[in-house]
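Have a look at the structure below before the remarks.
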Amino acid sequence: MKQRVGSLLRERFDRDVVLEKPKDRSFGHFSTPIAFSLAKELRKSPMVIAEELSSSFGEADMFSSVESVQGYINFRLSETFLDEYASWVLKNQDQFGKSDKKEKILLEFVSANPTGPLHIGHARGAVYGDTLLRLGRHLGYDITAEYYVNDAGNQIDLLGLSIQLEGRASILNEDVEWPESFYRGEYMTDLTIKAVEKFGKEILSDESRQKELALWAKESVMELIVKTLADTNIHFDTFVNESSLYDDWNRVMAKMGEGIYKKDDKMFIASSLKGDDADRVVVREDGRPTYLAGDIVYHNQKFERGYEHYINIWGADHHGYIPRVKAAVEFLGYDSSKLEVLLSQMVSLLKDGEPYKMSKRAGNVILMSDIVEEIGSDALRFIFASKKSDTALEFDVEEFKKQDSSNPIYYIQYAHARIKTIISKSELSIDEIQSTPLKGLSADADSLLFEALLLAEVIEDAFSSRQVQKLTDYLKSLAAKLHKFYYDCRIIGTEDEAKLLKVLEVVALSLKTGMNLLGIEAKERMVRDEEETV
RNA sequence: GCGUCCAUAGCUCAGCUGGAUAGAGCACCGGUUUGCGGUACCGGCGGUCAGAGGUUCGAAUCCUCUUGGGCGUACCA
């Protein structure tokens, strides 16, 4: 819609035209301040220019009016145009807001270590990534959702050791010496019990079997992670294990060419040549690779698989890694601008006003699965999707647990359910409603319809700017308009019933499409939760 | 120190390809259609957009500096 208006104006004026939403809908559907920017070169006042330009439009079927007001040019779309679009959308519901993008994108997100369950911080990145995935696919992009499993290195050794220690302490009742860092928490107790069931108690005291134990535990933790994600409607296409990448090690190092060098028996990446603060160790003296080594082989593998664009979603605490990985990509001979790293900022929690420090090793974490269980996947997804991902977010767990109408998800779902209810109450058939021409709509109905049709623009904007909160904001505002309209305007039994229901159909479709893109269920009927009746 | 993200209403946050009077929710106060779900709607209260310069016809939005915070600055992941 906006694209069509935009391209029409571009042809007309032979330049890009800024199109915006007028502050007040009574001005029209779109407006442009172009007269202000033309004022200087034409040496005329903006008012005069706007006046001339607007009167030059005359008869264009897209617009019912083009007016100049104080230098702005305001466009009002014709009812014919809006009706055609509305009718098309209702006939082709699953096409609403789709586009014909083709690019192949590899989207990597979550990638939490397989050493423990997902916590609330992971949940944010997971929701952000999955929402982008849904938006992108809707627009036609060919996106692969990938999870990188760090199943090599220290943390895996530590996982095996932690289970042994836990078992020796709690099952064999030995006095054990705890190292400085180790994994603990409820899941470790469960894992240890399961490990003993599977392997017998002997494995707890046999240091040589630590690796075996760790690899088994890793699989078990991954199952847990996958289940938690699935409970939030998040699914991955591919999982890449870090451990599987090292067969390629020598070839990749050779490919790095001058980007890699040996010094003091260690291997370094010359990342300082590519804008990093310093060169980084890739292989230690004892031959063990560092964390960065995995990322180098992994990114090489990604680029060899051949996508047009790569998106990584990382926790913001990893932002220092961006220059290193980009440097590696360049040394490998690829265009690092194809790699886009998006950061998901920290989530800090309060509990009853007190800071709640998250630390996986301490075992004192808020688990994603617990929150999903408490407030449901829909609310969790909505809350994270509605906050800019690169801004730190703080909230009180207690408040997060509330399940009343202060949660905007209920507000939006109620709007959708209200429409479905009223349509079921009407005696008109769906066909009668959808085939009614939209003529002579009130200003409010016209405005509501227009707003609902804007979904397509919102989806495109939200994805291309990677700002998924634009969609939640839009849905909140559309729901608010619906509720207000519903309150102000009687529908059933009026002579406008068919037209108005058609408008509401479009609103419902827009809300439903938007919610589905957020991975949220659009309810047909709201059922009040069983409250504890006192 | 350096890098990076940020600072908008009492609280949580939108708005930032520069544009018409800076928005929403929560909280607080007061109201609501002889009608379709009151899980709704309306009004009030509340802002030197951290501060200072600059660019511009026009700045919350762009640039510089200052202040105050989060995160990073590992041969940890």
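Throughout, a chain's letter reflects where its sequence line sits, starting with A, and its residues are numbered from 1.
In this view, H416(A) satisfies the ring-ring contact (aromatic ring centres under 6.0 Å, His included) rule with no residue, not counting sequence neighbours.
In this model, no side-chain donor or acceptor of D488(A) finds a partner on the base of rA40(B) within 3.5 Å. H318(A) contributes no side-chain N or O that forms a donor-acceptor pair with the base of rG72(B) under 3.5 Å.
Listed nucleotides rG70(B), rC71(B), rC36(B) differ in distance to Q345(A); the shortest reach to its side chain belongs to rG70(B). Side-chain atoms of D390(A) lie closest to rC5(B) of the nucleotides rC5(B), rA20(B), rC13(B). For L393(A), counting side-chain heavy atoms from C-beta on, the closest listed nucleotide (rU12(B), rA40(B), rG15(B)) is rU12(B). Across rA14(B), rG72(B), rA20(B), the shortest atom-to-atom separation from the side chain of E20(A) is found for rA20(B). Proximity note for K2(A) (side chain, C-beta onward) versus rC36(B), rC71(B), rU17(B): the nearest is rU17(B). Proximity note for Y411(A) (side chain, C-beta onward) versus rA40(B), rG15(B), rG72(B): the nearest is rA40(B). With rA20(B), rG72(B), rU12(B) as the choices, the nucleotide that has an atom nearest any side-chain atom of P22(A) turns out to be rA20(B). For I492(A), counting side-chain heavy atoms from C-beta on, the closest listed nucleotide (rC36(B), rU12(B), rC71(B)) is rC36(B).
Remark: ring of F27(A) stacked against base of rA20(B); centroid gap under 5.5 Å, plane tilt under 30°.
Atom NZ of K21(A) and atom P of rA24(B) are 13 Å apart (whole Å). One interatomic measurement links the two molecules: NE2 of H319(A) to P of rA74(B), which rounds to 12 Å at whole-angstrom precision. As a whole-Å value, the separation of I409(A) CD1 from rU12(B) P is 22 Å. In this structure, the CG atom of D473(A) is 9 Å from the C1' atom of rG15(B), given to the nearest Å. Atom CD1 in I322(A) sits roughly 13 Å away from atom P in rU73(B) (whole-Å rounding). Distance CZ (R124(A)) to P (rU12(B)): 14 Å, rounded to an integer number of Å. What separates CG of L38(A) from C1' of rG58(B) is a distance of 16 Å, to the nearest Å. Between M267(A) atom CE and rA74(B) atom P there is a gap of 21 Å when expressed in whole angstrom units.
Between K388(A) and rC5(B) there is no side-chain polar atom (N or O) within less than 4.0 angstrom of OP1 or OP2. Look at R280(A) and you won't find any side-chain N or O under 4.0 angstrom from OP1 or OP2 of rU73(B). For Q467(A), no side-chain nitrogen or oxygen approaches OP1 or OP2 of rA14(B) to under 4.0 Å.
Looking at heavy-atom distances under 4.0 Å, D264(A) makes no contact with the nucleic acid at all. Counting any heavy atom pair closer than 4.0 Å across all strands shown, D277(A) reaches no nucleic acid atom. Using a 4.0 Å heavy-atom distance criterion, T421(A) is classed as a base contact. Counting non-hydrogen atoms under 4.0 angstrom, Q469(A) reaches the backbone sugars and phosphates but no base. R418(A) comes within contact range of the sugar-phosphate backbone alone, with a heavy-atom separation under 4.0 Å but no base atom that close. Q70(A) comes within 4.0 angstrom of no nucleic acid atom, judged by non-hydrogen atoms across all strands.
The residues E330(A) and K274(A) are annotated as salt-bridged, a charged nitrogen and a carboxylate oxygen being separated by less than 4.0 angstrom. Of the charged side-chain nitrogens involved, none lies within less than 4.0 Å of a carboxylate oxygen, so that K302(A) and E146(A) do not count as a salt-bridged pair.
Across the interface with RNA chain B, nearest-nucleotide mapping of G493(A) and V281(A) shows G493(A) to be the residue nearer the 5′ end. The residue among G153(A) and S31(A) whose nearest nucleotide of RNA chain B lies closer to the 5′ end is S31(A).
Nucleotide rA22(B) has no partner under the Watson-Crick or G-U criteria, as no pair reaches both atom distances under 3.5 Å.
When atom types are taken as modelled, the side chain of N74(A) and the backbone of S31(A) share no donor-acceptor pair closer than 3.5 angstrom.
Comparing rC26(B) with rU39(B), their C1' atoms sit 16 Å apart, to the nearest whole Å. Separating the P atom of rC16(B) from that of rA50(B) is a span of 16 Å, rounded to the nearest Å. Atom name P, nucleotides rG70(B) and rC13(B): the rounded distance is 15 Å, in whole Å. Nucleotides rU8(B) and rA60(B) have their P atoms positioned 15 Å apart, rounded to a whole Å. Atom name C1', nucleotides rC11(B) and rA27(B): the rounded distance is 8 Å, in whole Å. Rounded to whole Å, the P atom of rU32(B) lies 50 Å from the corresponding atom of rC71(B).
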Point to revise | Trace of the side chain to side chain donor-acceptor pair (under 3.5 Å) decision for S68(A) with E51(A) | key: CA-CA 5 Å; S68(A) 79; E51(A) 191 59 44; 2.7 Å; yes
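Taking the ring centroids of F30(A) and F75(A), they lie at or beyond the 6.0 Å cut-off.
Cation-pi geometry between R466(A) and F463(A) is satisfied (NZ or CZ under 6.0 Å from the ring centre, within 45° of the ring normal).
Of the residues I34(A), V5(A), I73(A), the one that meets the side-chain contact (heavy atoms from CB on, under 4.5 Å) test with V17(A) is I34(A).
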